[in-house]
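When reading the values below, keep in mind they use all heavy atoms of this one structure, side chains included, and skip hydrogens, waters and symmetry mates.
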Amino acid sequence: MTRLLHFSFHRMKILKLFRRCSVITNRTGPIASVRVGLLGNAGPKRGFCSSTEDSELKDLMEYMDSLKNYEKSGVPVGAGTDSDDGFDLGRMRTLMELLGRPHFKFKAVHIAGTKGKGSTAAFLCSILRAEGYSVGCYTSPHIRTIRERITLGRSGEPVSAKALNSLFQENKETLDRAMKVENGYISHFEVLTALAFTLFAKEKVDIAVIEAGLGGARDATNVIPSSGLATSVITTIGEEHLAALGGSLESIAMAKSGIMKHGRPVVLGGPFLPHIECILRDKALLMSSPVVLASDTRNRSKINGFSMHDGRPFQSCDIVLQLESDSKLSIELLDLKLYMLGSHQLQNAATATCAALCLRNLGWRISDASIRTGLQQTHLLGRSQFLTSKEAQALRLYGATILLDGAHTKESAKALMDTIKMTFPESRLTLVVAMANDKDHLGFAREFLSGGHLEGVLCTEANIAGGKSRTTAASVLRNCWIQASKELGLDIVHDQMTECQNFSMDQLVGLSTSEKRPLLAAVPSFPDSIKIANLISRGRTRDQSHITVITGSLHIVSLTLATLNS
């Protein structure tokens with residue numbers, strides 16, 4: 001009787017919340033302007049700063065906000081291709097010339113790829129810092145503050161607000177001149193890239209690790225000259241940004257291969273489809289670029305098991321690379337402890353290791369010990385990030401493991417699901433999902449629905465790069481999950497079921513619970529989605545191990561972390 005009353009209490013609370021959310025769903029106008037969620041304000045925009053930083057970066061952020069931002073508005077069709085519709089690298093070259101060609105004043109590793117760029121860059125930077133190098137790193141997007149995109153020195157800390165503001169003020173006149181020359185068409189990403197390169201030159205970094213934004217051939221970062229390129233890296237080739245990169249895997253591979261420079265080595269991560277690998281190798285041959293293949297059959301990378309240390313899970317791994325008979329291109333790392341979880345992160349670690357060996361072969365001092373230390377010390381916000389119990393309590397999520405991951409493609413969804421099944425094979429899952437409108441929502445949903453162990457899916461909303469134009473409505477996302485479940489022949493409970501149109505939400509919750517079917521709902525308010533996730537985990541799983549996964553984009557990860565700091 002006690003258990004029944006306990007369950008009924010949770011059903012009543014969920015019913016009240018869903019009724020509140022249904023009112024929100026039927027209102028017009030931006031959700032954020034309608035109401036404040038259960039956790040208070042949903043938090044500041046992505047890229048939130050402290051009040052001190054707000055003051056320090058006010059002029060810069062106002063300037064940047066005045067520029068065309070493709071992260072916020074979406075990338076045009078064909079923008080990343082070598083065509084008349086492609087991004088104009090001429091603008092970037094003009095800007096760099098006016099700034100004094102800073103990109104000629106440091107050595108760089110240039111990283112492109114559909115997935116794994118950020119993780120591979122993080123691994124490589126950590127290795128180089130462990131060896132004692134002063135490293136500049138430029139990545140995108142950011143999670144908490146725009147400063148994260150530019151890290152400097154041996155610590156790997158983001159550039160300070162004071163230094164970034166000073167850099168902007170020193171170069172504002174030149175930026176204005178370049179903007180006038182280019183009739184105002186220089187973009188947000190181009191300006192930030194130029195500032196990063198200028199800072200790396202000013203600080204005289206030993207080496208810079210540069211992540212391409214979109215594609216490679218036409219990306220603003222691709223002004224790096226052959227003389228400055230130490231090595232290029234292509235991590236993976238997938239279907240993300242398909243329209244912007246020519247419409248096929250083959251065109252995407254050609255766009256990514258555009259970062260190769262004549263005579264400079266290229267590291268290929270992979271594994272790739274055979275014909276895609278051929279495209280990349282053919283381009284390398286054309287550029288006289290030696291190829292190092294991280295997924296070569298002679299190499300061996302495996303996960304031995306999972307353990308916990310200071311409340312954080314890690315995977316014990318082996319990475320054994322035999323790229324050439326030369327010892328400089330070989331390494332054996334046994335019982336390696338990676339806090340970046342999953343087989344995909346093991347592959348990213350192997351790719352970064354290949355890049356480090358490639359640099360060593362070029363004369364850079366990089367020891368096996370530094371490679372091990374660097375890999376083991378790598379962490380990255382929003383990638384397989386587990387919240388502490390204190391952070392979970394701040395979100396009012398009690399008794400569940402909370403996992404943040406910026407997965408937003410079907411491939412990354414599969415990788416995330418595989419990681420969860422390996423680390424917590426018996427755990428039940430509740431998902432809180434928000435996505436941009438240019439992603440493969442169906443493919444993403446299929447991967448999670450195929451994995452099993454789902455208790456609930458709460459489709460919610462998060463601003464994309466501080467704006468709403470690319471945000472997928474929670475109801476649209478919910479309908480995609482319904483379609484995916486039908487395609488897979490899975491039975492889920494949701495408020496759009498024809499046979500349940502006249503059911504109360506209390507009856508729907510009771511039906512899903514009694515028959516152990518996943519509960520699917522559109523909850524536009526992020527704070528309400530978190531509250532309902534908590535009630536589902538406490539009311540349905542009770543004594544079972546449970547994980548709440550917040551995923552779908554780095555933007556919902558940012559929103560979650562902003563909520564913790566609000």
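- Between Val233 and Thr351, the closest side-chain pair of non-hydrogen atoms falls below 4.5 Å.
- Atom CG in Leu245 sits 6.5 Å away from atom OG in Ser251 (nearest 0.5 Å).
- In this model, no donor atom of one side chain and acceptor atom of the other lie less than 3.5 Å apart for Ser343 and Gln347.
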> Given the rule in the side-chain contact (heavy atoms from CB on, under 4.5 Å) test, do Met260 and Leu286 qualify, once you have shown the distances and angles that lead to the verdict?
Replying inline: CA-CA 10 Å; Met260 296 182 196; Leu286 183 66; over 6 Å; no
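- A 4.5 Å side-chain heavy-atom check between Gln377 and Arg129 finds every atom pair outside the cut-off.
- Note: Arg101 CZ to Thr198 OG1 = 13.5 Å, rounded to the nearest 0.5 Å.
- Of all heavy-atom pairs spanning Ser119 and Met340, the tightest one is OG-CE, 3.6 Å.
- One distance of note links CD of Glu190 with OG1 of Thr221; it measures 11.0 Å at 0.5 Å rounding.
- In terms of heavy atoms, Ala217 sits closest to Leu89 at O-CD1, 3.4 Å.
- Within the 4.5 Å cutoff, the side chain of Leu403 has no heavy atoms near those of the Thr419 side chain.
- Across all their heavy atoms, Ile259 and Asn222 have their closest contact at CA-OD1, 3.6 Å.
- To the nearest 0.5 Å, atom CG of residue Leu280 and atom CG of residue Leu293 are 10.0 Å apart.
- With hydrogens and angles ignored, the 3.5 Å screen pairs a side-chain donor or acceptor of Ser73 with a backbone N or O of Asn69.
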> What's the verdict on side-chain contact (heavy atoms from CB on, under 4.5 Å) for Ser301 and Ile319, showing C-alpha distance, side-chain angles and the deciding distance?
Replying inline: CA-CA 4 Å; Ser301 299; Ile319 295 179; 4.1 Å; yes
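- A distance-only check finds no donor-acceptor pair linking the side chain of Ser370 to the backbone of Ile127 [under 3.5 Å].
- Side chains of Leu359 and Ile207 form a contact here, defined as non-hydrogen atoms less than 4.5 Å apart.
- In summary, the side chains of His344 and Glu411 do not present any donor paired with an acceptor at a separation below 3.5 Å, with no hydrogens or angles considered.
- A perpendicular orientation is assigned to the rings of Phe197 and Phe106, their planes being inclined by more than 60° (bins at 30° and 60°).
- More than 12 heavy atoms of other residues, nucleotides or ligands sit less than 6.0 Å from atom NZ of Lys261.
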> Step by step, would you call Leu199 with Tyr138 a side-chain contact (heavy atoms from CB on, under 4.5 Å)?
Replying inline: CA-CA 11 Å; Leu199 186 62; Tyr138 180 61; over 6 Å; no
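- Using modelled atom types, no side-chain atom of Arg218 and backbone atom of Ala79 make a donor-acceptor pair closer than 3.5 Å.
- Listed for the Asp438 side chain is no donor-acceptor partner under 3.5 Å among the backbone atoms of Gly74.
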>> Pair Lys172, Tyr63 - check side-chain contact (heavy atoms from CB on, under 4.5 Å), show working.
In response: CA-CA 9 Å; Lys172 186 177 183 301; Tyr63 186 88; 4.2 Å; yes
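- Leu67 is not listed as a side-chain neighbour of Ile186, based on a closest heavy-atom distance of 4.5 Å or more.
- Considering OG of Ser257 and CD1 of Ile237, their distance stands at 8.0 Å, rounded to 0.5 Å.
- Side-chain atoms of Ser126 never come within 3.5 Å of backbone atoms of Leu375 as a donor-acceptor pair (strictly under, hydrogens ignored).
- When atom types are taken as modelled, the side chain of Asp405 and the backbone of Ala407 share a donor-acceptor pair closer than 3.5 angstrom.
- The pair Glu62-Lys58 meets the salt-bridge criterion, with a side-chain N (NZ, NE, NH1 or NH2) lying under 4.0 Å from an Asp/Glu carboxylate O.
- The number of heavy atoms from other shown groups lying within 6.0 Å of CZ (Phe104) is above 12.
- At distances below 3.5 Å, at least one donor-acceptor pair connects side-chain atoms of Asp219 with backbone N or O atoms of Leu214.
- Asn463 is not listed as a side-chain neighbour of His555, based on a closest heavy-atom distance of 4.5 Å or more.
- Judged by distance alone, the side chains of Thr94 and Glu182 do bring a donor and an acceptor atom under 3.5 Å apart.
- Closest approach of Ala212 and His110 over heavy atoms only: CB-NE2, 4.0 Å.
- Taking the six-membered ring for Trp and the full ring otherwise, the centers of Phe87 and Tyr70 sit less than 6.0 Å from each other.
- The residues Asp176 and Lys180 are annotated as not salt-bridged, no charged nitrogen and carboxylate oxygen being separated by less than 4.0 angstrom.
- Using a 4.0 Å cut-off between charged side-chain N and carboxylate O, Glu240 and Lys117 make no salt bridge.
- Between Val209 and Ala121, the closest heavy-atom pair is CG1-CB, 3.9 Å.
- You'll find the side chain of Arg365 reaches within 4.5 Å of the side chain of Glu131, heavy atoms only.
- Between Leu561 and Leu404 there is a side-chain heavy-atom pair separated by less than 4.5 Å.
- Within the 3.5 Å criterion, the main-chain N or O of Ala355 finds no donor-acceptor partner in the side chain of Thr231.
- The heavy-atom pair separating Ser288 from His262 by the smallest distance is OG-CE1, 3.6 Å.
- At distances below 3.5 Å, not a single donor-acceptor pair connects side-chain atoms of Ser134 with backbone N or O atoms of Arg154.
- For the pair Ser295 (side chain) and Gly269 (backbone), a donor-acceptor distance under 3.5 Å is present.
- Here CE of Met435 is found 9.0 Å from SG of Cys480. Values are rounded to the nearest 0.5 Å.
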